[in-house]
Number of protein chains: 2
Amino acid sequence: MRSTHERAGRVRSKRLPREVRERQILDAAVEVFSQRGYHAASMDEISEVADISKPMVYAYLGSKEDLFAACIRREATKLMEAIADGVAEAGNSPDEQLWRGLRAFFGFVGEFRDSWRVLHRQASAQGGPFAQELGDMRKRAISLVAALLINTAQDEGVGAAATGQTDALAAALVGASESLADWWLDHPEESAGAVAARLMNLVWMGFGNLVDGHTWQPPKGS
Amino acid sequence: MRSTHERAGRVRSKRLPREVRERQILDAAVEVFSQRGYHAASMDEISEVADISKPMVYAYLGSKEDLFAACIRREATKLMEAIADGVAEAGNSPDEQLWRGLRAFFGFVGEFRDSWRVLHRQASAQGGPFAQELGDMRKRAISLVAALLINTAQDEGVGAAATGQTDALAAALVGASESLADWWLDHPEESAGAVAARLMNLVWMGFGNLVDGHTWQPPKGS
DNA sequence: CCAAGTACCTACTGGCGAGTAAGACTACTG
DNA sequence: CAGTAGTCTTACTCGCCAGTAGGTACTTGG
């Protein structure tokens, strides 16, 4: 006879420290939220995927809302760090910064599809207090891009044409990236770099120039 | 004594033909879905907003899923027609076609905010059979844009630079529009035309050119 | 070896919401 | 006026799911 708590299937690993369980739970939650959406995801399924019982989920991460917010926070932080690292690797040239940022973003999406889905598709659809959580992160992303664009404009000593529009342009750029990332999920035959390059071309050169055969080329070091 | 079915509050209008009721129900559904999201929206609330009892909703529009799909279909059709009309008003010049299409799109979003929300935020988040319904419409939009871009490319006799990328570029462009539309909902001080012009500039000229002060100008007739 | 704390469980409750049963009212048609 | 077709209602059922009560095992420090 086996111990009371073991199940018919695989043996549940036992007595792990809180820290580890919390990570497991968050991983499971990201996976389930990303596949089902917030409302359709059930705490029962999350606990099952996390290979732990439901009360533990509540004990460690709190209510369903709390759990979702925690997912958003963790994944969004990961994403923002990836992008910031990418930009930091670039020199001062604005187009290279933009390029590295885009590459980092698409790299992240390719590597952590669930993270991306939960961030983009799920969070924005909910009206609750996470929309706020996620909205904040999104605003930080837009601000980062806006700052980058403003930098560019000042570097080149530009005037009225671009400044004052940067927020809107940053929003458009972020949206284009998001949308292209979704498109990419359905067309995985391309590499992250190739997708990033397409967007870079569109955004930097403009469609009018692309049509004339003038394209943007990445600098030597990647 | 009043008739059995009247309520304490305002008198419920009575015995309207099916056609009218269906429109009321769809209107209510779009409103509620747009505010709450698919799962959080309840059929009870929808029937209440539509000022009719729940079984009528089921009798006329079927299940919750059916109802949602019907909303998507109706609103998406409205949107696609608006854009197609806009493009059709333009001449043969590709930039003007793009410009008119963008203007029509942002005009629609400004006029029918709920429609836009239900289309963009809600539908894409659900994994059900509506994602399909909506996905189809979105694909049609992307195809329309892609066709327009291909036209442009051929008009100008271009080769490898742009063709073969058109699908991805169209996806990016559609995404940029969507995202900018969301941004606009939070910055309503701008006119639809101004927002459309910003995006047109970014997409047509490219950020590199904007920075140098080279902007795109709308043709005389709007 | 005992106590105390922490990890962990099974088994429930309570409410909400999709969908329906069963019929009542109204209007038209002959 | 009788019959029929279409509109419309109240008042349920029933399943699902967030959240909890109340306890069991392991483990660590004395």
Side-chain angles (χ1 to χ4, degrees), chain A residues 1-25 28-29 32-33 35-71 126 128-130, chain B residues 1-25 28-29 32-33 35-71 126 128-130:
Chain A
M1 195 66 183
R2 324 187 82 187
S3 158
T4 325
H5 289 139
E6 287 180 13
R7 280 301 187 64
R10 74 212 240 318
V11 181
R12 187 168 278 187
S13 60
K14 300 182 133 185
R15 295 235 139 213
L16 298 176
R18 176 170 186 150
E19 205 183 343
V20 176
R21 287 298 191 199
E22 283 188 351
R23 204 164 348 111
Q24 284 181 1
I25 294 170
V32 174
F33 280 136
Q35 281 167 11
R36 310 252 186 247
Y38 175 75
H39 278 283
S42 80
M43 295 298 269
D44 286 279
E45 183 175 359
I46 291 172
S47 67
E48 201 173 319
V49 171
D51 195 35
I52 202 173
S53 71
K54 197 162 50 148
M56 293 308 294
V57 177
Y58 281 90
Y60 286 161
L61 274 308
S63 73
K64 189 181 184 182
E65 260 185 32
D66 293 341
L67 176 58
F68 190 74
C71 290
Q126 317 308 330
F130 358 89
Chain B
M1 198 66 184
R2 323 186 84 187
S3 157
T4 325
H5 290 142
E6 288 180 14
R7 281 299 187 64
R10 74 212 239 315
V11 182
R12 187 169 279 189
S13 59
K14 299 182 134 190
R15 296 236 138 215
L16 298 177
R18 175 169 186 152
E19 205 182 344
V20 176
R21 287 299 191 200
E22 284 188 350
R23 205 165 345 115
Q24 285 181 359
I25 293 170
V32 174
F33 280 134
Q35 282 168 9
R36 309 251 186 247
Y38 176 75
H39 277 285
S42 81
M43 295 298 268
D44 286 281
E45 181 174 1
I46 291 172
S47 67
E48 201 173 319
V49 170
D51 196 33
I52 202 172
S53 70
K54 197 163 48 148
M56 293 308 294
V57 176
Y58 280 89
Y60 286 163
L61 275 307
S63 72
K64 189 182 183 183
E65 263 185 30
D66 294 340
L67 176 58
F68 191 73
C71 288
Q126 317 308 330
F130 358 92

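A note on names: the letters A, B, ... follow the listed sequences, proteins ahead of strands, and every chain is numbered from 1.
Between the CE atom of A:M43 and the C1' atom of D:dT20 there is a distance of 13 Å, rounded to whole Å. In this entry the distance linking CZ of A:R36 with P of D:dA18 reads 12 Å, nearest Å. When rounded to the nearest whole Å, the span between CD of A:E45 and P of D:dC16 equals 14 Å. Atom pair A:Y58:OH and C:dT10:P shows a separation of 16 Å (rounding to whole Å applied). At whole-Å resolution of the value, CD in A:E22 and C1' in C:dA7 are 13 Å apart. Atom CD of B:E48 is separated from atom P of C:dA18 by 13 Å (rounded to the nearest Å). One atom, CD1 of B:I25, and another, C1' of D:dC8, lie 11 Å apart when rounded to the nearest Å. D:dA18 atom C1' lies 15 Å from atom NE2 of B:H39, rounded to whole Å.
For the pair A:P55 and A:Y60, nearest-nucleotide mapping onto DNA chain C gives the more 5' position to A:Y60.
For D:dG19, the base has a donor-acceptor partner in the side chain of A:K54 [N/O atoms by modelled type, under 3.5 angstrom]. Side chain A:R15 to base D:dA25: a donor-acceptor pair is found below 3.5 Å.
OP1 or OP2 of C:dC8 sits under 4.0 Å from a side-chain N or O of A:R21.
Nearest to the side chain of B:S42, among C:dA18, C:dC9, D:dA18, sits C:dA18. Comparing C:dC8, C:dA18, D:dC8 by their closest approach to the side chain of A:I52 singles out C:dC8. Nearest nucleotide to the A:D44 side chain, out of C:dC8, D:dC17, C:dA18: D:dC17. With C:dA18, C:dC9, D:dT7 as the candidates, the nucleotide lying closest to the side chain of A:M56 is C:dC9.
The shortest heavy-atom contact between B:S63 and B:Y58 is CA-CE2, 4.1 Å.
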